[in-house]
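Notes follow the structure.
Chain letters run A, B, ... following the sequence lines, proteins first, then strands; residues in each count from 1.
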2 protein chains.
Amino acid sequence: MTARKEPISRRDRPAKPALSRRWIVDTAVRIMRAEGLEKATMRRLAQELDTGPASLYVYVANTAELHAAVLDRLLGEVDLTGRDSEQDWREQLRAVMVSYTRVLFEHPPLARAALVARPSGENYLRLVERVLDLLSRSGASREQVAWGLDKLLQDATATAAEHATQGHDPTSEDDWDATVRALHAVDATTHPAITAHMPALISGTMPDRIRWSFDVLIYGITHTPVPGATD
Amino acid sequence: MTARKEPISRRDRPAKPALSRRWIVDTAVRIMRAEGLEKATMRRLAQELDTGPASLYVYVANTAELHAAVLDRLLGEVDLTGRDSEQDWREQLRAVMVSYTRVLFEHPPLARAALVARPSGENYLRLVERVLDLLSRSGASREQVAWGLDKLLQDATATAAEHATQGHDPTSEDDWDATVRALHAVDATTHPAITAHMPALISGTMPDRIRWSFDVLIYGITHTPVPGATD
DNA sequence: ACCTGAACACCGTTCAAGT
DNA sequence: ACCTGAACACCGTTCAAGT
């Protein structure tokens with residue numbers, strides 16, 4: 001606690017805050033919001049925190065763990081309350097999933113990180129608790145509810161992860177466009193099914209597709225028994 | 001065609017094959033099989049092809065496009081034929097999806113790449129054609145079949161992408177383990193639903209979960225009409 | 001016209017050496 | 001004991017300059 005260094009160095013710049021896991025994650029979130037997750041690198045973080053990259057490894061094991069921590073922080077923004085007027089578990093669950101999807105849609109690289117490094121923070125557990133609670137009101141078996149949770153979260157996460165639009169500038173939107181072009185360019189003789197389904201393959205707004213996916217999963221989950229389940 | 005250089009340099013090493021997109025992708029596939037997709041970098045590829053990295057950009061636009069090409073090459077291994085004895089479209093489709101999943105499971109980084117850079121190569125189109133053909137035999141509407149295709153491929157791709165096991169050495173399996181530990185450590189008072197569903201949340205073998213997911217999706221897809229569909 | 005050496009602007013992670 | 005400078009071993013992509 002006793003100052004060993006010259007007080008002058010203290011006045012030169014604002015007091016450098018002590019490094020901590022919390023402060024590192026806070027900074028990573030700030031950089032991600034301003035410039036995207038890809039800029040929240042160990043080196044950049046160290047620079048921002050006025051230290052060397054090696055120092056960060058005292059508080060986080062590696063980049064994957066850091067990104068998992070950032071994800072959990074973001075999951076705190078998911079709205080878990082249903083509207084009070086809404087009594088139906090299905091619509092409350094839909095609202096939670098829409099909120100979760102919306103949060104991930106703002107940061108697709110984070111959705112991709114979520115597919116690799118499974119989260120396990122407190123906000124993730126809160127989300128899991130809420131989804132299980134709502135889904136169990138369907139009357140489906142415990143096994144169906146438990147396995148169904150994974151499918152719901154996986155579907156939303158994968159949909160957000162696919163939503164590339166790297167810099168959402170229209171110059172580099174070639175990705176989905178290339179697939180659409182390939183589907184259109186297909187020969188009707190060699191690919192009759194693609195030709196027959198052509199308008200529908202690329203139809204639908206994102207909200208419509210997300211709504212339909214949710215309905216598909218809920219219907220499937222509540223009607224498909226888990227193999228070997230005892231109840 | 002006329003030799004301008006000393007013949008001696010020709011004898012020093014085997015003739016350097018002419019660069020081509022095909023040869024680049026072949027080499028990337030070879031490196032991926034031997035050491036994983038993460039080693040199939042532009043620089044490593046250039047080294048392997050005895051040139052500088054800049055030369056590759058004459059044939060591939062960037063790393064994402066290269067990985068998409070590698071994925072399409074791998075998709076050539078997906079078994080699209082159902083067994084002859086099997087007449088049921090559902091079981092034939094299941095076999096195709098299991099084969100697709102199996103191919104991606106051998107290279108999870110490729111599954112992750114597939115979620116980002118949508119493929120559009122010939123083997124991808126062959127797979128799409130086959131899945132649409134089989135799924136349309138369910139009698140579901142064109143819209144349900146078209147949107148259902150996306151869900152089936154997305155589910156299998158995301159499941160493979162999640163299957164991290166980076167170097168499949170047991171020392172770094174902390175990832176899913178951490179989630180399991182977090183679920184177990186949860187307080188029964190604050191997280192009653194997690195506690196109630198606990199055994200089921202982590203139960204099930206991968207084949208059982210994959211089989212159930214397929215059944216959930218097929219049931220949901222064939223029973224959920226697409227909003228605003230005309231047929 | 002076609003190709004590429006060399007440079008630019010970065011990465012993650014480790015470990016010996018400092019305080 | 002705790003922290004970190006500097007190094008190691010890489011990246012993707014571009015562009016001026018060569019053949």
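- Every residue meeting the side-chain hydrogen bond (donor to acceptor under 3.5 Å, both in side chains) condition with B:Asp79, not counting sequence neighbours, appears here in chain and number order: B:Thr81.
- With sequence neighbours excluded, no residue satisfies side-chain hydrogen bond (donor to acceptor under 3.5 Å, both in side chains) with B:Glu129.
- D:dG5 atom P lies 13 Å from atom CD of A:Gln47, rounded to whole Å.
- For A:Thr205, the side-chain contact (heavy atoms from CB on, under 4.5 Å) criterion is met by A:Pro207, A:Asp208, not counting sequence neighbours.
- Between the CG atom in B:Leu217 and the CG atom in A:Leu217 there is a gap of 6.0 Å [rounded to 0.5 Å].
- Distance noted for atom P between C:dA9 and D:dC8: 23 Å (whole Å).
- Distance, A:Asp50 CG to D:dC3 C1': 14 Å, rounded to whole Å.
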Which atoms of nucleotides 8-12 of chain C (N or O only) lie under 3.5 Å from a protein N or O atom, and what are those distances?
unit_1: C:dC11; atom_1: OP1; unit_2: A:Thr41; atom_2: OG1; d: 3.2
unit_1: C:dG12; atom_1: OP1; unit_2: A:Met42; atom_2: N; d: 3.2
unit_1: C:dG12; atom_1: OP2; unit_2: A:Met42; atom_2: N; d: 3.2
unit_1: C:dG12; atom_1: OP2; unit_2: A:Arg43; atom_2: N; d: 3.3
unit_1: C:dG12; atom_1: N7; unit_2: A:Arg43; atom_2: NH1; d: 2.7
unit_1: C:dG12; atom_1: O6; unit_2: A:Arg43; atom_2: NH1; d: 2.4

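- Residues satisfying the side-chain contact (heavy atoms from CB on, under 4.5 Å) test with A:Glu77, not counting sequence neighbours, are A:Arg33, A:Leu74, A:Val103.
- A side chain to side chain donor-acceptor pair (under 3.5 Å) check over residues 100-109 of chain B, counting only residues at least two apart or in different chains, returns the pairs B:Tyr100-B:Thr157.
- For A:Asp72, there are no side-chain hydrogen bond (donor to acceptor under 3.5 Å, both in side chains) partners two or more places apart in sequence or in a different chain.
- Taking side-chain N and O atoms only, B:Ser55 has no distance below 4.0 Å to OP1 or OP2 of C:dC3.
- The ring-ring contact (aromatic ring centres under 6.0 Å, His included) search around B:Phe105 returns B:His163, not counting sequence neighbours.
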* Apply the test side-chain contact (heavy atoms from CB on, under 4.5 Å) to residues A:Lys151 and A:Gln154: give CA-CA distance (whole Å), side-chain angles for both, the deciding distance (0.1 Å), then the verdict. => CA-CA 5 Å; A:Lys151 288 292 107 178; A:Gln154 187 193 57; 2.9 Å; yes
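- Counting only Watson-Crick and G-U wobble pairs whose two distances sit under 3.5 Å, DNA chain C takes part in these stems of three or more pairs: C:4-8 with D:12-16, C:12-16 with D:4-8.
- Screening residues 55-70 of chain A for salt bridge (Lys or Arg N to Asp or Glu O under 4.0 Å), with sequence neighbours left out, gives A:Arg21-A:Glu65.
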Enumerate all atom pairs, one protein N or O and one N or O from nucleotides 15-19 of chain C, separated by less than 3.5 Å.
none

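- Look at CD1 on A:Ile24: it is 12 Å from C1' on D:dC3, rounded to the nearest Å.
- With sequence neighbours left out, the side-chain hydrogen bond (donor to acceptor under 3.5 Å, both in side chains) criterion links B:Ser203 to A:Trp147.
- Distance A:Leu19 CG to D:dC2 C1': 12 Å, rounded to the nearest Å.
- Between B:Glu65 atom CD and D:dT13 atom P there is a gap of 11 Å when expressed in whole angstrom units.
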